[in-house]
Amino acid sequence: MQTQTVATILNRYQRRRNCQVPITATDVYADTIARVCGEDVDLDPVERGLIHLKRQKVISGRRLVALLGRHQREIRPE
C-alpha cells in the first residue's frame, strides 16, 4: 500500500481551502534574525505550508507536529 507524501496532503489542503502560503514580513524578519545570529534555519516549502495551515487554524497543533515529523522522515530517510 502506497501512502501519500506530506507534500501531497499539503496540496490537497491548499486546494480545498484555496490558501496559498504568503511570505510575510514576519517570515523575512525571522529569517534575517536567524541569519544574523548564525543560525541555519531554513524551512522548505512544505514546512512553511504546514505552518501556514496551522496559523490559519486549518489544522491542529497535534496534526502539525505529526505531519512535520512525517515530512522529516520522508526527506531524511535512514
Side-chain angles (χ1 to χ4, degrees):
M1 180 175 128
Q2 188 172 356
T3 59
Q4 293 180 336
T5 65
V6 175
T8 302
I9 294 168
L10 174 63
N11 287 334
R12 189 179 67 227
Y13 273 120
Q14 288 174 331
R15 277 195 318 272
R16 283 185 185 164
R17 300 290 182 137
N18 193 24
C19 64
Q20 297 304 313
V21 181
I23 303 238
T24 65
T26 304
D27 294 329
V28 173
Y29 177 73
D31 289 343
T32 303
I33 294 297
R35 216 170 315 128
V36 167
C37 292
E39 298 292 322
D40 186 24
V41 180
D42 257 346
L43 298 178
D44 67 26
V46 173
E47 293 165 332
R48 284 189 189 274
L50 291 172
I51 291 168
H52 180 70
L53 289 178
K54 171 62 176 100
R55 285 180 181 156
Q56 297 297 311
K57 297 182 176 32
V58 174
I59 61 174
S60 68
R62 182 173 286 183
R63 180 78 168 142
L64 170 67
V65 170
L67 288 171
L68 283 173
R70 183 172 162 184
H71 177 63
Q72 288 300 307
R73 287 188 298 277
E74 288 173 1
I75 63 173
R76 293 188 179 99
E78 294 176 37

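FYI, side chains are in, hydrogens and waters are out, and symmetry mates aren't considered; it's all heavy atoms of this structure.
Residues that satisfy the side-chain hydrogen bond (donor to acceptor under 3.5 Å, both in side chains) test with Arg35, not counting sequence neighbours, are absent from this structure. Here Ala7 pairs with Thr5, Val46 under the side chain to side chain contact (heavy atoms under 4.5 Å, CB included) rule; sequence neighbours left out. Leu68 is linked by a side chain to side chain contact (heavy atoms under 4.5 Å, CB included) to Glu47, Leu50, Leu64, counting only residues two or more places apart in sequence or in another chain. Partners of His71 under the side-chain hydrogen bond (donor to acceptor under 3.5 Å, both in side chains) rule, at least two apart in sequence or in another chain, are Asp44. Contacts of Arg70 classified as salt bridge (charged side-chain N to carboxylate O under 4.0 Å, His left out), with partners at least two apart in sequence or in another chain: Glu74. For Arg48, the salt bridge (charged side-chain N to carboxylate O under 4.0 Å, His left out) test picks out Asp31, with sequence neighbours left out. Partners of Val58 according to the side chain to side chain contact (heavy atoms under 4.5 Å, CB included) rule, which considers only residues two or more places apart in sequence or in another chain, are Tyr13, Arg17, Leu53, Gln56. Partners of Arg12 under the side-chain hydrogen bond (donor to acceptor under 3.5 Å, both in side chains) rule, at least two apart in sequence or in another chain, are Gln4.
Listed by chain and number, the hydrophobic cluster partners of Tyr29 are Ile33, where partners are ILVMFWY side chains within reach of under 4.5 Å, directly or through others.
Atom CD1 of Ile51 sits about 9.5 Å away from atom CD1 of Ile59, to the nearest 0.5 Å.
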